[in-house]
A.B. asks: 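Take this structure, written in structure tokens, and hold onto it; I'll ask about it next.
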Amino acid sequence: MNKFNFRKYKTLLFLLLPLVLTVACNAYQDDSETIITHSAADEQGFDNFLVLPQQDPYMLRTTFRANDLDLETPLRCNVNWKTQEMVQILPHNNVSFRIERNDINDVLPEFEVRHFTFDNISAEQALLKLTEEADITLVAKDAPYPTIYGKDLNGSFKEVLEMVSRSADLFYRYDAKMNSVILSRRASFTLYVPNSRTLMMGFLDVLRGVGITDMVTNWRDYSITFETNLETMDKINGLIADYENNPTMIMYDVSIFRVLADEPCGIVWKDLLKDFKFGSIATAQTGVIGRILTVTNDISIEQLQKFVSKYGKIQEISEGRFVVPTRWFSRFDVGRCGKLDNMEYPLSVLAKAEIEKNNRIFSEITLDTTDGEITKFKVRNKLGENFLIIGLPSEIFGSAVEGTETIVYIVPRLVRLLKTDEKIKNKI
């Protein structure tokens, strides 16, 4: 057994003492857990590692008032409930959509590939085999990738590279200066749309509907910059084709409010049948939670709030609008037009809509939060009928007085886009 070397450890102790004092006197040091980012053994068997303090996940990084600044607010959060047009015609510039990739993507060298074959190997191994023959360096940023199979692939180097990478749902780009092909699951793009704020809102709502939330929107040049995967990019290209050929959308005006009940029994919804004439409620469907009613304009937002005010105090939560291209999912985040301290802040209203014959609209309405889906409805209504979602106990969003309900009122209407070469003056 080795003898204990007191002199060596004494020297080590004196070397570590200034470091300990420095850490102890650091005004920003706390007692939180640490993360070891690197470890290696030296010749004497001691571990060398870099210790970093773990960041507090609840630490305030941006002030609430700075986060409140949202460039979409003037467009999204203003709803004129007194003037509700069933059909709205919106002109937009006769300019095609344009989408550009933001990374360096040089022209690939010209090579012909013949009988390229691989059998049940990972995509990066298959592409390494291909690029090695072309004397090009391969960089796989987020490998490993799926296992794929290919036999007798022929064509130009670009065509074969695209076939193999697409089969594994990968983007590729070529950097001529580095003579390298870079693979990745995600890529950054900028989409330029015709000069229409409604079109911009429609694309933003669709992108959020497919799960893209980190976007940069430029309202001066009508562009949206985002990062996505190949599957979603194919959907976006399909949406662009739809906009070029079928410029019709559905816009939903939404109001969310809470009724703080005077009594535990809450709102007596069957009294709607007493206070409004028969036929004002066309249909009633029950979901996992709550019910959705299709109602005529007799039950307007003003008349509805007058009715529920008999049972408690009304608290405004959020109101705004979102745009749904035909057959696409779009999303309205309630918190974008509401206060941060509302317990309904994480609530989102998702909608997928399709225009049918005789001005009927088939809608799939979903209420969702960051914790998952709350409820879903499939409903068909005539143009001019509105949706009323009732029976949502506010307790599903947080602590609330018994009998308190959260109510969602939705007005769908058609938006027809008209291409024009005339100069357009935007209106909010």
Side-chain angles (χ1 to χ4, degrees), residues 70-72 75-76 92-108 123-124 127 138-143 145-146 157-178 180-247 249 322-333 336 350 352 417:
D70 188 343
L71 300 182
E72 296 178 38
L75 304 173
R76 187 173 301 284
H92 70 85
N93 290 343
N94 190 13
V95 178
S96 296
F97 294 86
R98 187 172 90 256
I99 190 161
E100 296 177 354
R101 187 165 173 181
N102 297 320
D103 306 305
I104 296 173
N105 194 13
D106 298 321
V107 178
L108 284 163
E124 64 270 23
L127 290 169
L138 181 71
V139 179
K141 292 179 63 175
D142 42 12
Y145 301 132
F157 178 71
K158 178 181 179 180
E159 290 171 340
V160 175
L161 176 61
E162 189 159 335
M163 278 190 288
V164 177
S165 58
R166 176 168 279 276
S167 66
D169 291 329
L170 298 176
F171 290 107
Y172 74 88
R173 62 185 180 89
Y174 176 64
D175 187 332
K177 184 178 180 180
M178 303 298 294
S180 59
V181 169
I182 299 97
L183 303 175
S184 61
R185 298 176 190 270
R186 302 176 65 82
S188 175
F189 295 89
T190 297
L191 169 67
Y192 297 88
V193 306
N195 294 2
S196 167
R197 291 172 177 171
T198 304
L199 270 177
M200 282 280 285
M201 284 178 58
F203 263 98
L204 289 169
D205 293 333
V206 168
L207 292 177
R208 293 184 181 114
V210 296
I212 300 175
T213 56
D214 188 10
M215 296 174 283
V216 177
T217 306
N218 189 319
W219 290 95
R220 287 184 64 85
D221 63 5
Y222 293 87
S223 68
I224 308 169
T225 300
F226 56 92
E227 189 177 277
T228 187
N229 57 31
L230 186 62
E231 180 184 2
T232 304
M233 194 64 227
D234 287 341
K235 292 180 181 179
I236 293 170
N237 285 324
L239 176 60
I240 291 173
D242 274 0
Y243 268 127
E244 294 283 6
N245 301 320
N246 182 25
M249 302 180 291
F322 67 114
V323 181
V324 183
T326 304
R327 300 184 303 279
W328 291 87
F329 260 114
S330 291
R331 191 176 87 197
F332 172 70
D333 297 321
R336 298 187 72 89
L350 286 87
K352 182 179 181 182
L417 300 177

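Index from 1, following the sequence. FYI, side chains are in, hydrogens and waters are out, and symmetry mates aren't considered; it's all heavy atoms of this structure.
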A.B. asks: How long is the gap from CZ on Arg166 to CG on Leu230, to the nearest 0.5 Å?
C.D. replies: 4.5 Å
A.B. asks: Could you tell me the separation between the OG1 atom of Thr228 and the CG atom of Leu207, rounded to the nearest 0.5 Å?
C.D. replies: 8.0 Å
A.B. asks: May I ask you to check whether over 12 heavy atoms, not counting those of Asp221, lie within 6.0 Å of atom CG?
C.D. replies: yes
A.B. asks: Can you name the nearest heavy-atom pair linking Lys177 to Asp106, along with the distance?
C.D. replies: N-OD2, 4.4 Å
A.B. asks: Which heavy atom in Tyr145 sits nearest to a heavy atom in Ala123, and how many Å separate them?
C.D. replies: CB-CB, 3.8 Å
A.B. asks: Could you go step by step and tell me if Ser188 and Asn102 meet the side chain to side chain donor-acceptor pair (under 3.5 Å) rule?
C.D. replies: CA-CA 6 Å; Ser188 175; Asn102 297 320; 2.7 Å; yes
A.B. asks: So Phe203 and Phe97, would you call those rings parallel, tilted or perpendicular, with 30° and 60° as cut-offs?
C.D. replies: tilted
A.B. asks: What distance do Asn218 atom CG and Tyr192 atom OH have between them, rounded to the nearest 0.5 Å?
C.D. replies: 8.5 Å
A.B. asks: Could you state the interatomic distance from CG (Leu239) to CG (Asp234), rounded to the nearest 0.5 Å?
C.D. replies: 12.5 Å
A.B. asks: Taking all atoms of both residues into account, what is the closest heavy-atom pair of Met215 and Ile212, and its distance?
C.D. replies: CE-O, 3.5 Å
A.B. asks: Counting only N and O atoms by type, is there a donor-acceptor contact under 3.5 Å from the side chain of Arg331 to the main-chain atoms of Arg208?
C.D. replies: yes
A.B. asks: If you count every heavy atom of other residues, nucleotides or ligands that lies below 6.0 Å from Met163 atom CE, does the total exceed 12?
C.D. replies: yes
A.B. asks: Taking all heavy atoms of Trp328 and all of Gly238, pick out the closest pair and write down the distance.
C.D. replies: CZ2-C, 3.8 Å
A.B. asks: As a quick check of understanding, evaluate side chain to side chain contact (heavy atoms under 4.5 Å, CB included) for Asp169 and Asn229, giving each step before the final call.
C.D. replies: CA-CA 8 Å; Asp169 291 329; Asn229 57 31; over 6 Å; no
A.B. asks: Kindly say whether Glu227 contributes a backbone atom to a donor-acceptor pair with the side chain of Arg186 at under 3.5 angstrom?
C.D. replies: yes
A.B. asks: Does Ser330 reach the main-chain N or O of Val323 with its side chain, forming a donor-acceptor pair under 3.5 Å?
C.D. replies: yes
A.B. asks: Within a strict 4.5 Å, meaning less than it, do heavy atoms of the Val210 and Ile236 side chains meet?
C.D. replies: no
A.B. asks: With heavy-atom distances below 4.5 Å as the criterion, would you say the side chains of Met201 and Thr198 are in contact?
C.D. replies: no
A.B. asks: Shortest non-hydrogen contact from Ser180 to Tyr174?
C.D. replies: O-CD1, 3.3 Å
A.B. asks: For a side chain to side chain contact (heavy atoms under 4.5 Å, CB included) check, start with the C-alpha distance between Leu127 and Leu183, then their side-chain angles and the critical distance, and finish with the verdict.
C.D. replies: CA-CA 9 Å; Leu127 290 169; Leu183 303 175; 3.4 Å; yes
A.B. asks: I need the Leu204 CG to Arg336 CZ distance, nearest 0.5 Å.
C.D. replies: 8.0 Å
A.B. asks: Could you check whether Asp333 pairs with Arg76 (Lys NZ or Arg NE/NH1/NH2 to Asp/Glu carboxylate O, under 4.0 Å)?
C.D. replies: no
A.B. asks: How far apart are the C-alpha atoms of Phe226 and Thr232, what are their side-chain angles, what is the distance that settles it, and do they pass the side chain to side chain contact (heavy atoms under 4.5 Å, CB included) test?
C.D. replies: CA-CA 11 Å; Phe226 56 92; Thr232 304; over 6 Å; no
A.B. asks: I need the Asp175 CG to Ile104 CD1 distance, nearest 0.5 Å.
C.D. replies: 5.0 Å
A.B. asks: Nearest heavy-atom pair of Ala187 and Asp103: which atoms, and what distance?
C.D. replies: CB-OD2, 4.3 Å
A.B. asks: With sequence neighbours excluded, what pairs up with Phe189 under the ring-ring contact (aromatic ring centres under 6.0 Å, His included) test?
C.D. replies: Phe171
A.B. asks: Run Asp205 and Val324 through side chain to side chain contact (heavy atoms under 4.5 Å, CB included) and show every step you take.
C.D. replies: CA-CA 7 Å; Asp205 293 333; Val324 183; over 6 Å; no
